[in-house]
*Asks:* 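A single structure is presented below for examination.
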Amino acid sequence: MLGIVQEQHPDRARLFMQWRRMDWPILVDSLNLLGVSVVPVTVAIDEHGIVRLVNPRRETIEEAFLDRTFEPPPETAAPAGEARTAPGDPPGRWAPVAAWRRHARDLFLWGGPEAIGPAVEAFERGASGAPDAAATFRLGVAYRARYDSPAREPGDFRRAVEHWERALAADPNQYIWRRRIQQYGPRLDKPYPFYDWIPEARAAVRARGESPVPLAVEPGGAEFAEPVKTFSADTRPATEPDPTGRIYRDRGEFVEIEALAVPRAIAPGAATRAHLVMRPNLDRRAHWNNEAEDLLVWVNPPEGWDVDERPVRVPLPPALVSQETRRVEFELRSPADASPGRVTVPAYALYYVCEDVDGTCLYRRQDVTLEVEVRR
Amino acid sequence: MVRTDPLGITASSSLLAAGALMAGVALTGCATRDDPPPAPPVIEVGRPFPALHLPDAADGRPRSIADFRGRKVLLHVFASW
């Protein structure tokens, strides 16, 4: 028995294996190099490496595969794919895109964490011109991997989603790619919660006296959220906290905010999930001040648009000051009669931030915009 | 957990998409940027399984189906979401 798991984050696969006591080899195919478009798929491969059955039936697998002896193929056909297991030198300046794609793949798979930056650049070169959908998807995977790494660059998450959406538009039957977007998308689009098994897995592993595999990136709200059949708009009366904009602005001096809607393009009446990722500016030694009111996000949706929570309040941790990344998520729904076109949704965050651990603490507002495109 | 995609698409139809082998391309300075991109590996009954090397989830080392030559393999492709 052998497994290949389609998973952006390999450590989540390791936790899954630990929980389920999977002691057979499992390979991680973050880039979907295998090219499968749905899971699960079972493949019976004979002793000569030849595929004999795809999705064999349980009742007949013994007779049709396990109890049979297969003859070697009459001629040795070279299997598709390649056998590189280490990154080589970069291709030459005028090398074909195919060479850059192979180099990007090798850097991504075998180059270690420090190779993610060069891997992204190689994927970008490999996706130049008119890239096929698979190359576009893999570039998105690389952007997301860089976003999750210390080499993160501003806009990496947005670029990842952009490329996944572009790939899916070219091949809407590719459900591995579709799931990558739904993982971060609105509850209306989700077929299942995705990572709701993680708390259960950790509890089960601890109950066995083991330590759960640590995760480099904890799943966020979208990755746990339960799917819903109908959008639930927040219609409770609420008072806008700073309607006239009197609170002093933070223009990124203290907190950097990356705002993104997933998906970026929606049909009229469809929903999108807003992600606000907020990081204290470490170069300026900025800290969250946790002694006062909760962090608050207020959104002013265009006429006819709904929001599922307003305002969004983020409870503060117990430490007096902290520097963690804060992720705020909420969902928006466009009106059923929305006209096609680009829509800008304004929002702002209000928070207390300190200039240093013992520095002056200030109450600041930061304005953000969410770009959503309505497409029929 | 392993979940089945609620799709009308059969796995075989999605996997049997025709495609050429990932052709080796010489890393020379005279190639053009217009060379056709490699097609994805193909899983097709009667053909060798693609010679992909992927990281082992346990330790990150490269492994391939070819490592199991001489033994029958039941390969399960799944997702952890």
*Asks:* Under 4.5 Å from any heavy atom of chain B, what part of A/M17 do you find: side chain, backbone, both or neither?
*Replies:* side chain
*Asks:* Could you list the residues that satisfy side chain to side chain donor-acceptor pair (under 3.5 Å) with A/R202, not counting sequence neighbours?
*Replies:* A/E218
*Asks:* Measure distances from B/R63 to the heavy atoms of chain A and classify the residue's part below 4.5 Å as side chain, backbone, both or neither.
*Replies:* both
*Asks:* Does either side chain, that of A/R180 or that of A/Q183, offer a donor lying less than 3.5 Å from an acceptor on the other one?
*Replies:* no
*Asks:* Chain B heavy atoms under 4.5 Å from A/L53: which part of the residue, side chain, backbone, both or neither?
*Replies:* backbone
*Asks:* In terms of heavy-atom contacts, does CD of A/E63 have more than 12 from other residues, nucleotides or ligands at under 6.0 Å?
*Replies:* no
*Asks:* Using a cut-off of under 4.5 Å for heavy-atom pairs, which of A/H9, A/R68, A/Q18 has the most such pairs with chain B?
*Replies:* A/R68
*Asks:* Tell me, for A/I198 versus chain B, whether the close heavy atoms (under 4.5 Å) come from the side chain, the backbone, both or neither.
*Replies:* neither
*Asks:* A/I61, A/N32, A/I50: which one forms the most heavy-atom pairs within less than 4.5 Å of chain B?
*Replies:* A/I50
*Asks:* Determine the minimum heavy-atom distance between A/F224 and A/K190, stating which atoms define it.
*Replies:* C-NZ, 4.0 Å
*Asks:* What part of A/F65 is in contact with chain B, defined as an atom under 4.5 angstrom from a non-hydrogen atom: side chain, backbone, both or neither?
*Replies:* both
*Asks:* Checking salt bridge (Lys or Arg N to Asp or Glu O under 4.0 Å) for the pair B/D67/B/R61: CA distance, chi angles, key distance, verdict?
*Replies:* CA-CA 12 Å; B/D67 299 342; B/R61 291 185 184 175; over 6 Å; no
*Asks:* Specify which of A/G126, A/P25, A/G129, A/A135 makes the most heavy-atom pairs with chain B at under 4.5 Å.
*Replies:* A/P25
*Asks:* Would you say the side chain of B/K72 lies within less than 4.5 Å of the side chain of A/E47, judging by non-hydrogen atoms?
*Replies:* yes
